[in-house]
Amino acid sequence: MMANGMDTVVQQNGGATLGQASQEESKTNLIVNYLPQSMTQDEIRSLFSSIGEVESCKLIRDKLTGQSLGYGFVNYHRPEDAEKAINTLNGLRLQNKTIKVSYARPSSEAIKGANLYVSGLPKNMTQQDLENLFSPYGRIITSRILCDNITVRQFVTGGGDYLPGLSKGVGFIRFDQRVEAERAIQELNGTIPKGSSEPITVKFANNPSNNNKAIPPLAYLAPQATRRYGGPIHHPTGRFRYSPLAGDLLANSMLPGNAMNGSGWCIFVYNLAPETEENVLWQLFGPFGAVQSVKVIRDLQTNKCKGFGFVTMTNYDEAVVAIQSLNGYTLGNRVLQVSFKTNKSKAA
DNA sequence: CGACGGGACGC
DNA sequence: CGACGGGACGC
């Protein structure tokens, strides 16, 4: 739904901003949203360095707890790398998130506090309807309608996405400028959308940093009892293990000692096409859990992939699921072989 | 059929 | 009735 559709980021601040000395919007600076909670700054840098040389990378964290706020900034040296990052990384699925990559707007006071909370929407109002209602008042950065059903999140490649759950009649609209949001409140709060019978409420949304619902001291409770893994891909159905316990895998010598290097589990991926780039490995493994780094091994002369690569994942359980799911997976016209790394090498 | 980088003593 | 996202502009 949000991966490809509404993310039109056309940088155009027509001078409405106050005089922050020549705010040429950077063509190298990106904002990355909807990052997985566990993703570190180094992992973000690793991901974006697969596109080109990164000038700087910053993950925004809560100043008190240090917890990731789920977004960050990546600045490239070259504008073409930033553009490529948007084209290849926007919409990438990492763990239970779909990241968004877009140009960062110039930092300014005028863009803060431009998020609106809207309630009383007709249940049949779509996201597009909502945007149409608010677009006369300014440039919409994001929009969203809350739904009841959270579990069904299917992607339909090709655009025709359908609504998984019923609308709660509540949504959000983030404008580019606060003044735009203010005007939308004045013009739309208390009005009745055509086709509806009740008035809508339009007001500023709560500040995310303030809605701390009680103190969650139980940070050590079953971190991920159940996580839904859904690869971007249709998993190979033929090779399917019933109850693959970790113990079995260990017993089957699927766990060579050097697969684990300090932090993380190194996975060997074989039968990659010569043109394979790093983002392919991110796409393959990202949905299964925390990925620390990926590497495509290339021939030094031709710069083509030598047919294999490595992926380091943080958690053993997630690595096991990724291996089971991707080993035997057909990528293009090649059947991948995926396993924990061994210590084979020319020197061994 | 082929098959397991590369960089690395670090405040 | 109220409802607060997938922590969105440098924490």
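Heavy atoms only: backbone and side chains are in, while hydrogens, waters and symmetry mates are out. In what follows, every chain begins at residue 1, and chains take the letters A, B, ... in the order their sequences are listed.
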- Message: Base, sugar-phosphate or nothing for A:F73? Non-hydrogen atoms, less than 4.0 Å.
- Response: base

- Whether A:D299 side chain and A:K306 backbone form a donor-acceptor pair below 3.5 Å: no

- Query: Which atom pair, heavy atoms only, marks the closest approach of A:Y316 to A:W265?
  - Reply: N-NE1, 3.4 Å

- Task: Calculate the interatomic distance between A:K295 atom NZ and B:dA8 atom P; express it in whole Å.
- Result: 12 Å

- Message: For a quick test of reading the model, state the closest non-hydrogen atom pair linking A:P274 to A:R334 and the distance between them.
- Response: CD-NH2, 3.6 Å

- Walking DNA chain B from its 5' end, the first of A:Q337 and A:L300 to be reached, judged by nearest nucleotide, is A:Q337

- Item | Donor-acceptor contact present, side-chain A:N90 to main-chain A:V101, <3.5 Å | yes

- Any idea which of C:dC4, C:dA8, C:dC11 is nearest the A:K168 side chain? C:dC4

- Query: Tell me: CG of A:D42 to P of B:dG10, nearest whole Å?
  - Reply: 19 Å

- Task: Considering only NZ, NE, NH1 and NH2 on the basic side and carboxylate oxygens on the acidic side, decide whether A:R105 and A:D176 come within less than 4.0 Å.
- Result: yes

- Which distance, rounded to the nearest 0.5 Å, do you find between the OH of A:Y117 and the CG of A:N206? 8.5 Å

- Task: Consider the side chain of A:V170, meaning its heavy atoms from C-beta on, and name the nucleotide among B:dG5, C:dA3, C:dA8 that approaches it most closely.
- Result: C:dA3

- How is A:N29 classified with respect to the nucleic acid when contacts are heavy atoms under 4.0 Å: base, sugar-phosphate, or nothing? base

- Starting from C1' on C:dG2, measure out to CG on A:L121 and report it in whole angstrom. 13 Å

- Decide, for B:dG10, between syn and anti: a glycosidic angle within 90° of 0 counts as syn, anything else as anti. syn

- Task: Using only side-chain N and O atoms of A:R174, determine if any of them is under 4.0 Å from OP1 or OP2 of C:dC9.
- Result: yes

- Query: To the nearest 0.5 Å, how far apart are CD1 in A:I323 and CG in A:N327?
  - Reply: 8.0 Å

- Below 3.5 Å, does any donor atom in the side chain of A:N206 face an acceptor in the base of C:dG7, or the other way round? no

- From the list C:dC4, B:dC4, C:dC11, which nucleotide is the closest neighbour of the side chain of A:Y117? C:dC4

- For DNA chain C, just give me the dot-bracket, please: Watson-Crick or G-U, both distances below 3.5 Å, ( ) intra-strand, [ ] crossing earlier pairs, | paired with another strand, . unpaired. ...........

- Pick base, sugar-phosphate or nothing for A:T201, based on heavy-atom distances below 4.0 Å to the nucleic acid. nothing

- Message: For B:dA3, does the base pair up with any side-chain atom of A:K306 as donor and acceptor (N or O, under 3.5 Å, distance only)?
- Response: no

- Nearest-Å distance, CZ (A:F172) to P (C:dG7)? 11 Å

- Note on the structure: To the nearest 0.5 Å, atom CD of A:E278 lies from atom CG of A:L89 at 11.5 Å

- Assign A:L146 to base, sugar-phosphate, or nothing according to its heavy-atom contacts below 4.0 angstrom with the strands shown. sugar-phosphate

- Message: Using a 4.0 Å cut-off on heavy atoms, which residues in residues 268-276 of chain A reach DNA chain B? List them by number, or say none.
- Response: A:F268, A:Y270

- Query: Tell me: CE of A:M125 to P of C:dA3, nearest whole Å?
  - Reply: 20 Å

- Message: Rounding to an integer number of Å, can you tell me how far A:R178 CZ sits from C:dC9 P?
- Response: 12 Å

- Task: State the CD1-OG distance between A:I44 and A:S49, to the nearest 0.5 angstrom.
- Result: 11.0 Å

- Task: Compare the minimum distances between each of C:dA8, B:dG5, C:dG10 and the side chain of A:S107, then state the nucleotide with the smallest one.
- Result: C:dG10

- Query: OP1, OP2 of C:dC11 versus side-chain N and O of A:K58: anything below 4.0 Å?
  - Reply: yes

- Message: Once ring-ring contact (aromatic ring centres under 6.0 Å, His included) is applied, what residue pairs with a partner in residues 38-93 of chain A remain, sequence neighbours excluded?
- Response: none

- Message: To the nearest 0.5 Å, what is the distance between OG1 on A:T142 and CG on A:N33?
- Response: 8.5 Å

- Contact nearer the 5' end of DNA chain C, comparing A:I31 with A:E198: A:E198

- Query: When the distance from CD1 of A:I145 to P of C:dC4 is rounded to whole Å, what number comes out?
  - Reply: 16 Å

- Message: Between C:dG7 and A:Y71, is there a base-stacking contact, meaning the centre of the base's six-membered ring lies under 5.5 Å from the residue's ring centre while the planes stay under 30° apart?
- Response: no

- Task: Quickly work out the A:L69 CG to C:dG7 P distance and round it to whole Å.
- Result: 10 Å

- Any donor-acceptor N/O pair, A:Q41 side chain to A:L59 backbone, under 3.5 Å: yes

- A:K97 side chain N/O closer than 4.0 Å to the phosphate oxygens (OP1, OP2) of C:dG7? yes

- Query: With respect to the phosphate group of C:dG10, does any side-chain polar atom (N or O) of A:K112 fall under 4.0 Å of OP1 or OP2?
  - Reply: yes

- Message: Let's see if you can work this out: which of B:dG5, C:dC11, C:dA8 has an atom nearest to the side-chain heavy atoms of A:I297?
- Response: B:dG5

- Message: Students often get this wrong, so: under 4.0 angstrom with heavy atoms, is A:G171 touching a base, only sugar-phosphate, or nothing?
- Response: nothing

